[in-house]
Peer 1: 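Quick one: the structure is below, and I'll ask about it shortly.
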Amino acid sequence: MENLDIARSLTLLGDLLEIQGANPFRIRAYRNAVNTVNSSSRPLADMVEAGEDLTALPGIGKNVAAHIIELLDTGTIGRLEEVEAEIPRSLAELMALDGVGPKKAKKLFDELGVETVDDLDAELEAGRVQELEGFGVRSAEKIRIAIAEHRQHTGRFRIDEVEKLIAGLLEHVAAAPGAERVEVAGSLRRRRETIGDVDILVQCEGDGTPVVRHFTEFSGAQKASAAGPTKGSIVLHSGLQVDLRVVPPESFGAALVYFTGSKDHNVAIRTRAVRDRLKVNEWGVFRVPEGADAKDLGKDEGERLAGTTEEEVYGALGMAWVPPALRENRGEVEAAREGSLPGLVELADIRGDLQMHSTWSDGKTSIEEMARACAERGYAYMAITDHSQAMAMVQGLTPERARAQWEEIADVRERIPEIELFTSVEVDILKGGDLDMPDDVLEELDLVVVSVHSLMDLDRKAMTDRVVRAIAHPTVDILAHPTGRRINRREPFELDMETVLEAAAEHSVAVELNANPRRLDLNDVHVHRAKELGVPVVISTDAHSPAGLDDMRFGVDQARRGWLEPSDVLNTRSLVEFRKWLARRAS
Ligand SMILES: [Zn+2]
Ligand SMILES: [Zn+2]
């Protein structure tokens, strides 16, 4: 263990004690000790091993010395664990925000249950922070800016956040003098679930200076810089950085490939190009003349073969055009050369949504409103999947209420005949893998969706056994949001997905790709693995209101990143085919 690790634990302990309102002298003792540990040139671990007395160091008393020895011995500090049992460690991060501090962090936690920066952001957005005693509008604004700065240093933004943040900017850029075409590149174009910064390409014939100037004058920028006639960069108030490139028409396709990435994909196609004595860069594809070395050529020297469009660029390299979602160097380069790229699923292929909530649990609208909203989206079928009773705080369905709900569903079916409405429940998987609904109800449901919402910190073996046991239940159809993760908020469960997917294959259970951009659970790698194992994937929105149904496109994007074709996705099937699947065990 290094001094840095010791200092970190002591800092955390000091911070959490401060949030708890502990004795200021005690807190200062920890701060002083951290200074000493950080400035010590020798590893404290060595000193302890050599039997030296740590209290000989300035600022380290008996109490702190004992903590350090315990940490070196056991990897943890008992006192820290005690404190963490009372308040989450993420509050220390919150306290570090400008304008928050220990007292306010405690208040936010006590009154609003805020544990993380993202929680705080959500409460700010809902207007609840401003109303707390001791906060007010001005301090809320200050915190909002602090969050933006914090994100700038630490984080990636969710894809849906980025889309909202740059919508106005894209309109602004499109209106730039001389801008002929505007495209988003980078990880946003590849539809990654989180985005570090945004790349925008603008096609412009001639001098790009006015385009760059217009871009840097965007009113939503807190910082802006231009670098000549082709490059500019701004930071939005949210902390999101956006880079702009101005590109001439003859290079636009090459630049789009180059700036879309990923880096690994670009390296792979460049390596292939070298074998064919070609050179590919953001300017185009060039033939390296006999006897010349590519390294000695200028950026746009050599015989120009392609550059205007992406199709042309890939074509010159002997490849089919690669959809951006696949550009991660996971086999797409070979597939594009062999002509065996997958025909990826599209939003228009989706025929139904198989997870959503109504006012029977925590949804905001009635079954009828959800059904009308699904019908408007052109779906052939849908399932209402309200929670089961273990979710008591959202009035999860008891067996009696589930049966009562079927009557309402029967009514809605009559009123909206254009869509098939399946009865379902999102049944909680209890600790040992039992389902939170008796078998007689499960057997009568059209569709049984199961998921974990409680005891999420089980160890890997216990969690895997729990989920596998649940999907072995003979009525189960779909395992929803399998890993429980919340992007930027909650890590996935400790879960052996390989074992879970194998069990799903064995028991003929489908896995959900939850399309909510806060979840996108399964991730692209697991989605791909499901496909390999022949486990059908269901893309569902888990909508709690009609607007939530529009998240379907995020799920489809993620499915594409996992190489899914329509036939891999269960809810692309027609109603007749989907009914056949539901009846798969009977036959
Ligand atoms: Zn759920
Ligand atoms: Zn749900």
Side-chain angles (χ1 to χ4, degrees), residues 160 352-367 369-371 373-374 379 381-398 401-402 405 409 421-431 433-437 442 445-458 463 466-467 470-471 473 476-487 489-493 495 497 500 504 509-523 526 537-552 554-555 558 570-571:
D160 58 313
D353 194 335
L354 297 172
Q355 205 206 138
M356 71 191 72
H357 298 264
S358 75
T359 47
W360 284 76
S361 63
D362 56 350
K364 294 189 181 66
T365 43
S366 67
I367 294 174
E369 282 171 274
M370 291 307 277
C374 284
Y379 292 150
Y381 50 89
M382 60 182 285
I384 294 284
T385 59
D386 280 306
H387 289 287
S388 62
Q389 58 185 325
M391 295 283 277
M393 63 285 199
V394 300
Q395 272 97 48
L397 300 175
T398 59
R401 288 187 67 230
Q405 193 192 49
I409 287 177
L421 195 49
F422 293 120
T423 60
S424 185
V425 173
E426 184 183 4
V427 184
D428 255 65
I429 301 176
L430 304 175
K431 186 178 177 186
D434 286 332
L435 298 183
D436 184 31
M437 193 58 86
L442 295 175
L445 289 168
D446 294 325
L447 178 79
V448 175
V449 177
V450 296
S451 61
V452 169
H453 294 106
S454 63
L455 297 159
M456 291 180 265
D457 52 1
L458 297 187
M463 187 59 99
R466 173 187 186 183
V467 171
I471 58 185
H473 189 283
V476 170
D477 297 300
I478 300 170
L479 173 65
H481 48 73
T483 75
R485 71 156 174 182
R486 298 268 186 153
I487 291 174
R489 274 185 71 169
R490 187 169 74 209
E491 292 297 309
F493 309 142
L495 185 66
M497 268 316 291
V500 169
V509 165
V511 290
E512 180 185 88
L513 193 183
N514 193 294
N516 185 318
R518 291 162 193 273
R519 289 188 183 269
L520 290 173
D521 181 9
L522 297 173
N523 69 21
H526 289 150
V537 174
V538 172
I539 309 174
S540 298
T541 61
D542 201 355
H544 287 66
S545 69
L549 297 168
D550 294 329
D551 287 341
M552 186 61 83
F554 294 107
Q558 179 93 325
L570 196 55
N571 51 324

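For ligands, and for the atoms within them, numbers begin at 1 and follow the listed sequence. Numbering starts at 1 and runs along the sequence shown. Worth knowing before you read on, the calculation uses all heavy atoms, side chains too, and leaves out hydrogens, waters and symmetry mates.
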Peer 1: So which N/O/S atom does His357 have closest to the Zn ion (ligand 2)?
Peer 2: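 Result for His357 and the Zn ion (ligand 2): NE2.
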Peer 1: List the residues meeting side chain to side chain donor-acceptor pair (under 3.5 Å) with Ser424, not counting sequence neighbours, and say none if there are none.
Peer 2: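 Listed in chain order: nothing, the list is empty.
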Peer 1: Working to the nearest 0.5 angstrom, can you tell me the gap between Asn516 CG and Met552 CE?
Peer 2: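 Going from the CG atom of Asn516 to the CE atom of Met552 covers 12.0 Å.
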Peer 1: For Arg466, is the CZ atom crowded, meaning more than 12 foreign heavy atoms sit under 6.0 Å from it?
Peer 2: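 More than 12 within 6.0 Å, yes.
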Peer 1: Under 2.8 Å from the Zn ion (ligand 1), which protein N, O or S atoms are there? Could you list them by chain and number?
Peer 2: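 Within the sphere that stays under 2.8 Å of the Zn ion (ligand 1), the protein atoms of type N, O or S are Glu426 OE2, His453 NE2, His481 NE2.
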Peer 1: Would you indicate whether the side-chain heavy atoms of Val500 and Ile471 approach each other to under 4.5 Å?
Peer 2: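 Ile471 reaches Val500 side chain to side chain.
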Peer 1: Could you check whether any side-chain heavy atom of Thr398 comes within less than 4.5 Å of a side-chain heavy atom of Arg401, counting everything from C-beta outward?
Peer 2: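 Thr398 vs Arg401: side chains touch.
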Peer 1: Nearest 0.5 angstrom please: Thr541 OG1 to Arg519 CZ, how far?
Peer 2: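 CZ of Arg519 is found 11.5 Å from OG1 of Thr541.
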